[in-house]
Protein chains: 2
Amino acid sequence: MLRPTSFDVAERAGVSQSTVSRALRGSPGVNAETRARVSAAARELGYVVDRHASSLRLKSSETLALVTICRPGEDRSAINPFYFALLGSIAAATSARGFNLLVSFQESPANFRADFVASGLADAMIVIGTTSNRAAWDYFAEAQASGLEFVCWGSPGDPFHWMRSDNDAGGRIAAEHLVATGRRRPAFVGPQRSPQRQFDERRDGFAAALAAHGITPAIVSPPAGADRHAQGVAAARALLDAHPDTDAIFAASDMLALGVLQGLKDAGRSVPGDVALIGFDGIRAGTLADPALTTLEPDLDAAGEALVAMALEDDDHRLGGTRIPVRLARRGTA
Amino acid sequence: MLRPTSFDVAERAGVSQSTVSRALRGSPGVNAETRARVSAAARELGYVVDRHASSLRLKSSETLALVTICRPGEDRSAINPFYFALLGSIAAATSARGFNLLVSFQESPANFRADFVASGLADAMIVIGTTSNRAAWDYFAEAQASGLEFVCWGSPGDPFHWMRSDNDAGGRIAAEHLVATGRRRPAFVGPQRSPQRQFDERRDGFAAALAAHGITPAIVSPPAGADRHAQGVAAARALLDAHPDTDAIFAASDMLALGVLQGLKDAGRSVPGDVALIGFDGIRAGTLADPALTTLEPDLDAAGEALVAMALEDDDHRLGGTRIPVRLARRGTA
DNA sequence: CTGAAAGCGCTTACAG
DNA sequence: CTGAAAGCGCTTACAG
């Protein structure tokens, strides 16, 4: 027998197929002795409920779909590690609910897909990943306009239901920490007016807190570059050219910050001696840098949990706009 | 109408439901004009084939399950980035076949699961992740013994169908490079007789190539530690105590190597000036280290493709034991 | 507490 | 080339 069915279990246990189904689902009103006999028969046969039949009947697949948008042409191993970490925390929150997780990396029209819920494969969908892939987000905007629901991380655009870090608070914390440690000529490095509004939020929180101290930060938008790290290297150079006396940098993300760190070293500046540096995201690679990167770390467990809760249990998206708390992970660079 | 079915499409197109199914599946022998009418009706209704009904009927789900074993109690963001990168390449190979990917991170008996194929959810299963979680691998060994098939990365134990890097060649390449660049007192840092035989293979290739030059490397097994990085820091210390004149280190993995790099710096050794260092895996964080880590880099695309091919298309596992080629990524440390 | 039966939405052999 | 019908393996309302 290739794959036993509930009829096979029924025969072995000497009951009807409907009783097998009830017993195995834990339905109330099944005699304890009967239930035990059915369980034993199922175990002996190596029977596992067919999820397709079950899902078809129940009209629910207990599965969450997670789409990660990649940069076009990007090597999969070059995906920003923040998204891998977020994927991990989403997986944990999904598994805690007994749900399965369907994962899809998408980068070009050839593999854009938003029909996981429409096909019944998943009960809800989450979209994360780079906002730099305009074609992908246009595709998902259109999908949403045509009635396909999903929830996303960050703020890739206006029509979406999103959730993101408390970026404003993060910017303020960075500012206060730098001022408290004696820095007076701080700069912000990050994309300006990016569709990913997170970056502007971080800058604005930073600038607002500095303003209370009578300080105006230099603002540097990273030049175009292959990835955030390369952009950071170039941004450090540009910043030091324009403001050689900079004594502190708040970078809009860790990958950017790690590039800035490299650029500072290349320029002969010591960190944190000459220049203090703070990133944002809390990626693992930051702890391996030399010195280890001081950063604003969102509570990733909370992020995964909140995203999954919003996707799966929050039909009217009341959780929309929830701010995930961030904390200063003080390490070597500031 | 909540979710349209093929009957709704049939009504709109003025054909029978069976014709809708044939037209949409691209079955031969459907009138071109009919097919076009059906497609139009489906589009207008936003109809998408129900995958559960389809899979139930076809007895195939076009889905691959990927299990990643984690260290017990490990934060998801602390998972060795090599496995995230491998996950990415497996996702690419899966998606290239038009298959879905079901992802499951497992760490403790509470969430061990190997029944993805048995429940019909997936057509095949791949297992990757740390070999340090003995309970998990015992669980999967038992699953395999009871008839659940899967394919894994590395060599977590004997009963498994596996695929791994050409570790022996990698060890030899490391040795030849170090000798060619003038190093004469090399050491190997890595777990000895680990269930993950990869490590011993790397060491043996390394030692064999050195032997041809009349050199015997020092061998250091990293002390127990929270993770590979911490183990690397401690191993560097232990190695320098026992062999202060060491001028080159080949570490069994990049995370270990990054710890060793930290340990060397802590001890005041310059890299690569005093000590050259080579890792294994090609993780992204290595490129961010200072100096950037020289490493043996497996061809990840080939690894993902071969694993997926073996899981999905190689029923008798003739691909078992395939060696994924590695190349020396020469960066700053050697 | 248990069984017979309907039905979830498809695919395809069979008939025409 | 197209339609009517069986059947994939479940879950549960209905009857007893």
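Here is the naming used below: chain letters follow the sequence lines, and residue numbers restart at 1 for every chain.
The phosphate of C:dT2 has neither OP1 nor OP2 within less than 4.0 Å of any side-chain N or O from A:T19. Neither OP1 nor OP2 of C:dC10 sits under 4.0 Å from any side-chain N or O of B:R25. Checking the phosphate oxygens (OP1, OP2) of D:dC10, no side-chain nitrogen or oxygen of A:S54 falls inside 4.0 Å.
For the atom pair B:W153 CH2 and B:S165 OG, the distance stands at 3.5 Å (nearest 0.5 Å). For the atom pair A:R164 CZ and A:R197 CZ, the distance stands at 5.0 Å (nearest 0.5 Å).
Counting to the nearest Å, the C1' atom of C:dT2 and the CZ atom of A:R37 are 11 Å from each other. Atom CD in A:E62 sits about 14 Å away from atom C1' in D:dT11, given to the nearest Å. Distance NE2 (A:H52) to P (C:dT11): 13 Å, rounded to an integer number of Å. For the pair A:R51 CZ and D:dG9 P, the interatomic distance rounds to 17 Å; values are reported in whole Å. Rounded to an integer number of Å, the gap from A:D50 CG to D:dT11 C1' is 13 Å. Between the P atom of D:dG9 and the CG atom of B:L121 lies a distance of 15 Å, rounded to the nearest Å. Regarding B:N31, its CG atom lies at a distance of 11 Å from the P atom of D:dG3, rounded to whole Å. Rounded to whole Å, atom P of D:dA4 lies 10 Å from atom CZ of B:F7.
Counting non-hydrogen atoms of neighbouring residues, nucleotides and ligands closer than 6.0 angstrom, the CD atom of B:E149 exceeds 12 such neighbours.
B:S6 comes within contact range of the sugar-phosphate backbone alone, with a heavy-atom separation under 4.0 Å but no base atom that close. Contacts of B:S27 with the nucleic acid, taken as non-hydrogen atoms under 4.0 Å apart, are absent. Base engagement by B:R22 is indicated by at least one non-hydrogen atom pair under 4.0 Å involving a base atom. A:S21 comes within 4.0 angstrom of a base, heavy atoms only.
Rounded to a whole angstrom, the distance from the P atom of C:dT11 to that of C:dA15 is 22 Å. D:dC1 and D:dA5 have their P atoms separated by 23 Å, with the value rounded to a whole Å. Straight-line distance between the C1' atoms of D:dT12 and D:dG16: roughly 16 Å, to the nearest whole Å.
The two residues B:L64 and B:A311 make their nearest non-hydrogen contact at CD1-CB, 4.1 Å.
Judged by distance alone, the side chain of A:N133 and the main-chain N or O of A:R71 form no donor-acceptor pair under 3.5 Å. Without hydrogens or angle criteria, A:W137 side chain to A:T130 main chain gives a donor-acceptor distance under 3.5 Å.
Side chain to side chain, B:S89 and B:D301 fail the donor-acceptor criterion of an N or O pair below 3.5 Å.
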Could you list, one pair per line, each protein nitrogen or oxygen that sits under 3.5 Å from a nitrogen or oxygen of nucleotides 5-8 of chain C, together with the distance?
from  : atom 1 : to    : atom 2 : distance (Å)
C:dG7 : N2     : A:R57 : NH1    : 3.1
C:dC8 : O3'    : A:K59 : NZ     : 3.4

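Using a 4.5 Å heavy-atom cutoff, the side chains of A:F105 and A:L87 are in contact.
Candidate nucleotides C:dT2, C:dG3, C:dT12 were compared by shortest atom distance to the side chain of A:V30, and C:dT2 ranks first.
The pairing partner recorded for D:dA4 is none, the criterion being a Watson-Crick or G-U wobble arrangement whose two distances lie under 3.5 angstrom.
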